[in-house]
Protein chains: 2
Amino acid sequence: MRAIEKRIELLKAVAHPVRIRILEELTKGVKCVSDMEEFLEISQPNISQHLSLLRHYGVIDYYVDGRLRCYFLKDPIVPDLIELLRKDYLKELPAPACCPVTKKGRYPGERRR
Amino acid sequence: MRAIEKRIELLKAVAHPVRIRILEELTKGVKCVSDMEEFLEISQPNISQHLSLLRHYGVIDYYVDGRLRCYFLKDPIVPDLIELLRKDYLKELPAPACCPVTKKGRYPGERRR
DNA sequence: TAGAAATATAAGAATATTTGAATATATTTA
DNA sequence: TAAATATATTCAAATATTCTTATATTTCTA
């Protein structure tokens, strides 16, 4: 699989409200499943399922501490990605100059061959 | 809807191989649907469907040029996101110090209450 | 060593996404 | 105005995702 396709798989894995929430917390430090039950309002099996999916895609991993599983971030893209998602863009990209949206008329240099 | 949830919707919209490919091309400039038929190996109706989804989530927009629809990027996160996906991270995040994966033993300061 | 605690796994139902096929619409040109 | 071109829409089938419920596994502790 090409590198970019791996990254798309990762995007899909991350693009879920519960999983983003988990990753946000993990950027702050190691958490075990019962820690997560405190801030997620979903069932324990469902948490486990999300964790196992994230681990499957290499986003996180865990170490065992007695009967706890301590999860932590593994893929270094995660903090950067979360920061990007939180970033406040002030304005949309400008529509291509001289070509207002929905106005008819040619866009010089962009005509079809 | 909270801002971060909007962003997650956007992530989901973007996390598809065809749609990423479209966005990559749009970072280079305006493209109409028949331009896209040249580099995507899917049917025209399917291209239209992906475009309409991206537009629905505010990722792209178009202007009309005769019988062409000229699509362009609208959400300013897109170029940054694509750059992030292409970024080559040299190594995984370190596992939390003093706690190798799967090794038993407490992680000082991270014990449950 | 039995029971409790922490977590995982499995199975199934509900829902969402993706695609293909057929068809519709708008614009230009003959 | 009819035909051709560019693109969109609709619907259904296939597939994938998500969540719930029930149960299993591992480890700790009394």
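Letters A, B, ... are given to chains in the order of the sequence lines, protein chains preceding strands, and every chain is numbered from 1. A quick note: this is a predicted structure, and the numbers were derived from the prediction, not measured. Scope of the values below: all heavy atoms of this structure, side chains included, with no hydrogens, waters or symmetry mates.
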Minimal non-hydrogen separation, Arg19(A) against Lys12(A), with atom names: NH2-O, 3.6 Å

Closest to the Pro45(B) side chain: dA8(C), dA21(C), dA5(C)? dA21(C)

Calculate the interatomic distance between Leu68(B) atom CG and dT5(D) atom P; express it in whole Å. 14 Å

Minimum side-chain heavy-atom gap Tyr57(A)-Leu10(A) below 4.5 Å: no

CD of Glu9(A) versus P of dA16(D): gap in Å, rounded? 12 Å

Reckon Ser52(A) has a side-chain N or O less than 4.0 Å from the OP1 or OP2 of dA8(C)? no

Among Asp75(A), Leu73(A), Leu53(A), the one residue meeting side chain to side chain contact (heavy atoms under 4.5 Å, CB included) with Ile60(A): Leu73(A)

Protein-nucleotide distance (Asn46(B), atom CG; dA6(D), atom C1'), rounded to Å: 17 Å

Taken to the nearest whole Å, CG/Leu51(B) to C1'/dT9(D) is 14 Å

Between Ile8(B) (CD1) and dT18(D) (P), how many Å, whole number? 12 Å

Does any N or O donor sit under 3.5 Å from an N or O acceptor when you compare the side chain of Gln44(A) with the base of dA8(C)? yes

Answer with base, sugar-phosphate or nothing: what part of the nucleic acid does Arg55(B) contact at a heavy-atom distance below 4.0 Å? nothing

Candidates dT18(C), dA8(C), dT29(D) - which lies nearest the side chain of Ser48(A): dA8(C)

Let's go through Tyr71(B) and Leu54(B) carefully: what are the C-alpha distance in whole Å and the side-chain angles of both, what is the deciding distance for side-chain contact (heavy atoms from CB on, under 4.5 Å) to 0.1 Å, and is it a yes or a no? CA-CA 10 Å; Tyr71(B) 283 88; Leu54(B) 286 171; over 6 Å; no

Tell me whether the OP1 or OP2 atom of dT19(C) has a side-chain N or O from His50(B) closer than 4.0 Å. yes

Could you say whether Ser43(A) or Lys12(A) is positioned toward the 5' end of DNA chain D, judged by the nucleotide with the nearest heavy atom to each? Lys12(A)

Starting at CD1 of Ile47(B) and ending at P of dT9(D), how long is that distance when rounded to a whole Å? 15 Å

Ignoring hydrogens and geometry beyond distance, is the side chain of Gln49(A) in donor-acceptor contact with the base of dT17(D) at under 3.5 Å? no

Taking OP1 and OP2 of dC19(D), is either one under 4.0 Å from a side-chain nitrogen or oxygen of His16(A)? yes

Quickly work out the Leu40(B) CG to dT18(C) P distance and round it to whole Å. 15 Å

What's the shortest heavy-atom distance between Ile20(B) and Val14(B), and which atoms? CG1-O, 3.2 Å

Under-4.0 Å side-chain N/O to phosphate OP1/OP2 contact, Arg69(A) with dA6(C): no

Between dT7(C), dT7(D), dA22(D), spot the one nearest the side chain of Tyr71(B), thanks. dT7(D)

Can you measure His56(B) atom NE2 to dT18(C) atom P for me and round it to whole angstrom units? 13 Å

Between dT27(C), dT19(C), dA5(C), which nucleotide has the shortest distance from any of its atoms to the side chain of Arg67(B)? dT27(C)

